[in-house]
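Structure, as structure tokens:
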Amino acid sequence: PKAVLKKARLGKIVVVDEAYCIRGDTVYGMVEGTYVVPVKNGNIMFVSGTSPLLTGVIHHELSSIMMYELSTDAGVDEKLSKIQKAFLAVTPYYSDKETLVASASAKTFAYPRNKDNYFVLGNTGYSLVDYENDFNTIVQFLFTPTLSKELQCLLVDPELKLWEFLDEATKNNYPIYKKVQLVIEFYKTIDAGFTEEYFRTLEK
């Protein structure tokens with residue numbers, strides 16, 4: 001909805017061939033997207049036009065911008081703090097690349113229903129970097145469940161769709177379902193139309 005973009009104060013989406021993260025004078029990684037806030041004339045998002053998950057990347061970055069813009073609203077900052085605590089209670093995050101890669105390759109993504117699958121939805125390991133990227137990855141998959149599934153980015157059995165897996169997660173009390181519900185509740189504060197039913201329809 002246009003009202004949502006207004007809340008995000010989204011000024012520009014800049015599409016580039018390649019996007020990189022730079023610290024000081026050093027390029028240390030290629031990325032699919034990033035953002036700049038706060039910008040007086042409207043926040044800016046940069047995305048890689050060569051990413052097969054482009055629509056998902058846009059939602060991923062917009063989620064961060066939305067968090068930033070709404071964090072000063074009455075009650076929203078408190079809600080985000082509670083969500084963060086809930087995520088941190090069930091998900092171990094890794095700031096160093098070595099631990100992240102070891103975790104991702106050794107156990108987290110080895111098979112669909114192992115314990116660590118309860119924590120994240122994506123299979124790249126990016127969800128395990130920090131709370132914000134975990135939250136944003138869930139947003140990304142909620143908005144692009146079919147595309148994500150086609151590109152085999154979801155940590156779900158090949159036979160299962162996203163919401164089929166989440167129904168199983170509900171039945172078996174996997175923590176990932178609770179995290180998804182927290183994300184949806186936050187998005188409902190942005191726009192009342194962002195209900196679970198709305199997100200389910202995006203997969204039909």
Between OG1 of T146 and NZ of K161, what distance do you get to the nearest 0.5 Å? 7.0 Å
Counterpart residues, salt bridge (charged side-chain N to carboxylate O under 4.0 Å, His left out), relative to K7 (two or more places apart): none
Side-chain heavy-atom pair V139, M66 within 4.5 angstrom cut-off: no
Stepwise side-chain contact (heavy atoms from CB on, under 4.5 Å) test for V183 and F141: CA-CA 11 Å; V183 170; F141 291 149; over 6 Å; no
Mark yes when over 12 heavy atoms from residues, nucleotides or ligands other than D17 sit less than 6.0 Å from its CG; otherwise mark no. no
Would you say D167 and Y177 make side-chain contact, with heavy atoms under 4.5 Å? no
Step by step, would you call L142 with Y187 a side-chain contact (heavy atoms from CB on, under 4.5 Å)? CA-CA 11 Å; L142 285 174; Y187 263 71; over 6 Å; no
How close do A86 and L182 get, heavy atom to heavy atom, and via which atoms? CB-CD1, 3.5 Å
Atom pairs and distances, donor-acceptor, side-chain atoms in residues 30-42, under 3.5 Å, two or more places apart:
{"from": "E32", "atom 1": "OE2", "to": "S51", "atom 2": "OG", "distance (Å)": "2.6"}
{"from": "Y35", "atom 1": "OH", "to": "E132", "atom 2": "OE2", "distance (Å)": "2.9"}

Pairs meeting criterion side chain to side chain donor-acceptor pair (under 3.5 Å) with involvement of residues 74-90, two or more places apart: none
Are H60 and L53 packed together at the side-chain level, in the sense that at least one heavy-atom pair is separated by less than 4.5 angstrom? no
How far does CG of L5 sit from CD1 of I65, to the nearest 0.5 angstrom? 10.0 Å
CD/E61 to CG/L10 distance, rounded to the nearest 0.5 angstrom? 11.5 Å
Could I get the full list of salt bridge (charged side-chain N to carboxylate O under 4.0 Å, His left out) partners for E185, not counting sequence neighbours? K188
Non-hydrogen atoms of P1 and D191 that approach each other most closely: CG-OD2, 3.7 Å
Shortest non-hydrogen pair, L147 vs P52, comes out as CD2-O, 3.9 Å
How close do Y93 and S127 get, heavy atom to heavy atom, and via which atoms? CE2-O, 3.3 Å
Heavy-atom distance under 4.5 Å between the side chains of Y131 and L80, does that happen here? yes
For the pair K149 (side chain) and L160 (backbone), establish whether a donor and an acceptor sit closer than 3.5 Å, ignoring hydrogens and angles. yes
Separation between CD1 of I13 and CD1 of I58, rounded to the nearest 0.5 Å: 5.0 Å
When you look at N136 and N133, which way does the side-chain hydrogen bond (donor to acceptor under 3.5 Å, both in side chains) test go after all the steps? CA-CA 5 Å; N136 293 346; N133 283 305; 4.5 Å; no
Distance in Å, K12 NZ paired with F46 CZ, rounded so as to fall on 0.5 Å steps: 8.0 Å
How long is the straight-line distance from CG of L70 back to CZ of F186, given to the nearest 0.5 Å? 5.0 Å
Hydrophobic cluster membership, L88 vs I176, 4.5 Å side-chain cutoff: yes
Answer whether the closest heavy-atom distance between the side chains of S64 and F135 falls below 4.5 Å. no
Would a hydrophobic clustering, with Ile, Leu, Val, Met, Phe, Trp and Tyr connected at side-chain separations under 4.5 Å, put V76 with F87? yes
Can you name the side-chain contact (heavy atoms from CB on, under 4.5 Å) partners of L202, sequence neighbours left out? F143, P145, Y198, F199
Okay, side chain of T144, backbone of Q140: is any donor-acceptor separation there less than 3.5 Å? yes
Test item: E168 and Y174 side chains (from C-beta on) under 4.5 Å apart, heavy atoms: yes
Contacts of type salt bridge (charged side-chain N to carboxylate O under 4.0 Å, His left out), residue E203, not counting sequence neighbours: none
Do the side chains of T189 and D73 get nearer than 4.5 Å, heavy atoms only? no
Which heavy atom in A8 sits nearest to a heavy atom in N43, and how many Å separate them? O-ND2, 2.9 Å
Is there side-chain contact between F165 and L121, with at least one heavy-atom pair below 4.5 Å? yes
